[in-house]
Amino acid sequence: MLLRVQNLTLARGGLPVIAGLSFAVGPGQALILRGPNGAGKTTLLRCIAGLQPPLAGDISGAAERIAYAGHADGIKAMLSVSENLRFWAQVFGGSDIAEALDAYALHPLADRLAGTLSAGQKRRLGLARLLVTGCPVWVLDEPTVSLDKEAVAMFAEAMRHHLQAGGTALMATHIDLGIEAEVLDISPFRVTAGQRAGASDEAFL
Amino acid sequence: MIALLTRDLRLALRAGGGFGLGLAFFLIVTTLVPFSVGPHTDLLRVIAPGILWLGALLACLLSLDRLLALDYEDGTLDLLLTAPLPLEAAVSIKALAHWLTTGLPLVLAAPVLGVLLNLQPAGYGWLVVSLAFGTPALSVIGTFGAALTVGIKRGGLLLSLLVLPLYVPTLVFGAEVARRGASGLDVSTPLLMLAGITLGVIALMPFASAAVLRMGLR
Amino acid sequence: MSIWSYANPVKFLALSIRVQPFLWTAALICLATGLIWGFFATPDDFRQGSTVKIIYLHVPAALMAINAWFMMLITSLIWLVRRHHVSALAAKAAAPVGLVMTLIALITGAIWGQPMWGTWWEWDPRLTSFLILFLFYLGYMALWEAIEDPDTAADLTSVLCLVGSVFAVLSRYAVQFWNQGLHQGTSIPVTTGARTVSDVFFVPLLICMIGFGLLFAALVLYRTGTEIRLRRIRALRARMERTL
Amino acid sequence: MPDLGKYAVEVVSAYGASLLLLALLLGLSLRRGQRARAELAKAEAEAADHG
C-alpha cells in the first residue's frame with residue numbers, strides 16, 4: 001500500500017515550519033529527506049508517525065503500519081538485549097527475535113544488560129527493534145548516528161532486505177547508504193516569514 | 001499488554017527498580033509517629049488508622065514521578081504511542097504495575113505496622129480491606145498526575161501538589177472505614193463510597209491520562 | 001458576526017479596552033454602596049452582634065470563588081473543543097482572582113466563626129471544601145507556570161480543570177460526610193430560595209454580590225488582556241528569530 | 001463609625017484583611033499589565049524595524 005502525503009502543513013512550538021508538502025512512497029521504495037537542520041525533518045517524521053497532528057493536509061497509508069525510530073531508541077538499561085527485543089516483539093504482536101539478532105550480529109551480546117552496551121551497540125539494538133515490529137513502513141530519524149562503518153553496512157543490508165520484501169522506508173539521513181532511493185529536499189517547502197499557515201502563534205500576530 | 005506488565009514488574013524487581021522504596025518509606029513514617037506524638041499507647045490507638053492510611057498514601061505518592069518519566073526520557077513513550085497498543089490500555093497497565101509493586105505491599109505491611117501503633121484488634125481486618133479498596137485509586141489517580149508532569153523537569157513536587165487534592169475523597173472514606181472498623185462501628189456507608197470512587201476512577205481516569213500524555217508528547 | 005469572532009485575540013483586546021472603563025466604574029459603585037450600606041446602615045444581629053457585618057465580604061467572596069472555578073471550567077472546555085486562545089488565556093487569568101476570592105472567603109469565614117466556635121479554625125465542611133478549592137487553584141496555577149509551550153500548557157491545565165472539578169464535588173460530599181458541620185444555613189439557598197436572611201440585610205448583600213461579580217469580570221478582562229499581550233510579544237520575538 | 005460592640009476587632013480585621021488582599025491583587029495585576037504594555041510596544045517597534 002502507498003504511503004501518501006498531500007499538502008501537509010506543520011508547526012513547531014506554535015510557528016509554522018513546513019507548508020504544502022506532498023509526496024508518495026510505494027512498496028519497495030525508499031525516500032531520503034534532506035534539508036538543513038531545523039528545516040522540520042524531525043517534525044515531519046514525528047507527524048507521519050502519528051506523534052503530532054499536522055496543521056493541514058492529510059497522510060494516508062500510515063495507520064498502524066509504521067515503525068518509528070527517533071533519536072531515543074526506547075532501550076531499557078536494566079533489561080538484557082534479548083529481553084528488550086522480546087518486549088518490543090510482543091508489543092507489536094510478533095515473537096521471533098532470532099532474525100533481528102542475526103541481522104545486527106547481536107547474538108554474542110544477547111544476555112548482556114543493555115546498560116553495559118556502547119553507544120554503537122545500543123544503536124544497533126535500536127535498529128534491530130525495527131525488524132521485530134514487523135511493520136512494513138519504516139520512519140527513521142537519523143538512524144546511522146553513532147554507528148561505525150560495518151554497523152552502517154549491516155543497517156544498509158537490513159534496509160535492502162526490507163525493501164526487497166516490499167517494505168517502505170522514509171528517513172532523514174546525511175550519509176549515503178549505497179541503496180538506490182529517491183531524495184527529497186524539503187527546503188523549498190519551508191514557510192517564509194510573511195506566509196500564514198494557521199499555526200497558533202499567528203492568531204496573536 | 002501483558003508484555004508491558006511483565007516488563008514493568010521485571011524492571012521494578014531488578015536492582016535499583018525501586019521496589020522496596022514505598023515500603024521502606026511507609027515503615028519509617030509509621031515509626032516516626034510515636035516520636036512525634038509521644039509514646040502514650042491510648043493516644044496512638046486513636047490515631048493509628050488515620051496515620052497508617054496517611055503513610056500508605058504518601059508512600060504511593062513517593063514512587064509516582066519515576067513511573068512515566070523514565071519511559072519518557074528513553075523514548076519508550078513515543079514508541080508506545082506508535083505501537084498498536086492503545087495508550088489508554090498502556091496507562092492502565094502502568095497503574096496496575098505501580099499498584100502491584102507499591103500499593104499491594106503497603107496493604108500487606110499495614111497490619112504489621114498497626115502493631116507498632118497499638119491498633120485495636122478489631123481494626124486490622126478493616127484496615128486491610130480499606131487499603132485494598134483504596135490503594136488502586138491512589139495508583140490510577142497518581143498515574144494521571146505523573147502523565148500531567150511527565151515532560152516537566154523536577155516535576156516531582158508539582159506532581160504532589162496536583163495529586164494530593166485529588167486524593168482527598170479516597171483518604172476521607174478510606175480512613176473513615178479503618179477508624180470505624182477499629183472502634184467496631186458500622187462501616188458500610190464509607191466502604192461503599194470508597195469502592196464507588198475507586199471503581200469510577202479505574203474506569204474513567206485512564207482516558208484522561210492518555211489524553212494528557214498525547215498532548216504532552218506533541 | 002457570531003460571538004466566536006471575538007475569539008480572535010487582537011479583536012478581543014480591542015473590545016476589552018472599550019468595555020473596561022464601564023465595568024470598573026460599575027464595580028466600584030456597587031462595591032462602595034454595598035459595603036458602606038452594609039457596614040454602616042444595618043443593625044447588629046441579636047445573637048452574633050456586629051460580626052454579622054462580615055457577611056458582606058464572606059458570602060460574595062465565597063460565591064465568586066466557586067463561580068471563578070466554574071468559569072474556568074467553561075473556558076477550558078471551549079479551548080479543548082474550539083481551540084480559541086482567548087478562552088484558554090481567560091482561564092489562566094481568572095485563576096489568581098479565584099484564588100484570592102477563596103482566600104478572602106476562608107479568612108472572613110474563620111474570623112466570623114471565631115466568637116461562636118471559640119477557635120480560629122474549625123474543620124467545618126464548607127470552610128474545609130474552600131480550603132481544598134484553594135489547593136486546586138494553587139495546583140492549576142503551578143501547572144501553567146511549569147510548562148513552557150503555551151499550547152501544551154493550555155491543554156494540560158484544561159484537562160486538570162475538568163478532572164479537578166469532578167474531584168472538587170467529590171471532596172465536597174466526602175467532607176460533608178466526614179464532619180457534620182457547624183456552618184450556619186446557606187444565606188440564599190439557590191435550591192430552596194427561601195431566604196434565611198431578613199430583608200434589611202439582604203439588599204446590601206445583593207449589591208455586594210453584584211459588586212464582587214463586576215470586580216471579578218473587570219479583573220479577569222484586564223488580566224486576559226495582559227496574557228494576550230504577553231503571547232503577542234512571544235509570537236513577535238519568535239517570528240523575528242526565525243527571519244534572522 | 002457604628003458601635004461594633006465587643007466584636008469590633010473581629011469585624012475590622014476581617015474587612016482589613018479582605019480589602020488588603022483585594023488591593024494586593026489589583027496592584028499586582030495592574031503592575032503586570034503595565035509592564036506587558038511597555039514590552040509589547042518595544043517588541044512591536046523592533047518588529048517594525050525588521051519588517
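Letters go in sequence order (proteins before strands), and every chain restarts at 1. Values in this document were obtained by computation on a predicted structure and should not be read as measured data.
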Side chains of A/Leu51 and B/Thr82: does their closest heavy-atom pair fall under 4.5 Å?
yes

Region of B/Ile2 in contact with chain A, defined by heavy-atom distances below 4.5 Å:
neither

Between atom CZ of A/Phe92 and atom CG of B/Leu85, what is the distance when rounded to the nearest 0.5 Å?
9.5 Å

Quick one: what part of A/Ile66 sits under 4.5 Å from any heavy atom of chain B, side chain, backbone, both or neither?
backbone

More than 12 heavy atoms of other residues, nucleotides or ligands under 6.0 Å from CZ of B/Phe25: is that the case?
yes

NE2 (A/His161) with more than 12 external heavy atoms under 6.0 Å
no

Region of B/Leu80 that comes under 4.5 Å of a non-hydrogen atom in chain A:
both

Quick check on B/Tyr72: does its OH atom have over 12 non-hydrogen neighbours (other residues, nucleotides or ligands) under 6.0 Å away?
no

What's the shortest heavy-atom distance between A/Ile75 and B/Asp74, and which atoms?
O-OD2, 3.9 Å

Looking at A/Gly74 and B/Leu79, what are the two nearest heavy atoms and their distance?
CA-CD1, 3.9 Å

When only pairs under 4.5 Å are counted, which of B/Leu217, B/Asp78, B/Leu4 shares the most heavy-atom pairs with chain A?
B/Asp78

Do B/Asp71 and A/Lys76 touch side chain to side chain, with heavy atoms closer than 4.5 Å?
yes

Closest non-hydrogen atom pair, A/Trp88 against B/Thr76
CZ2-CG2, 3.7 Å

Shortest non-hydrogen contact from A/Leu79 to B/Leu11?
CG-CD2, 4.0 Å

Part of B/Arg10 within contact of chain A (heavy atom distance under 4.5 Å)
side chain

I'd like to know which of B/Ala90, B/Gly75, B/Pro84 tops the heavy-atom pair count under 4.5 Å against chain A.
B/Pro84

The interface call for A/Leu113 against chain B, heavy-atom contacts under 4.5 Å, is side chain

Please check this pair: side chain of B/Arg14 against backbone of A/Met78, looking for a donor-acceptor N/O pair closer than 3.5 Å.
yes

If one checks every heavy atom of A/Arg46 against chain B at 4.5 Å, the contacting part turns out to be side chain

Are more than 12 heavy atoms, taken from residues, nucleotides or ligands other than B/Leu157, located less than 6.0 Å from that residue's CG atom?
no

So with a 6.0 Å cut-off around CZ of A/Arg4, is the heavy-atom count from everything else above 12?
no

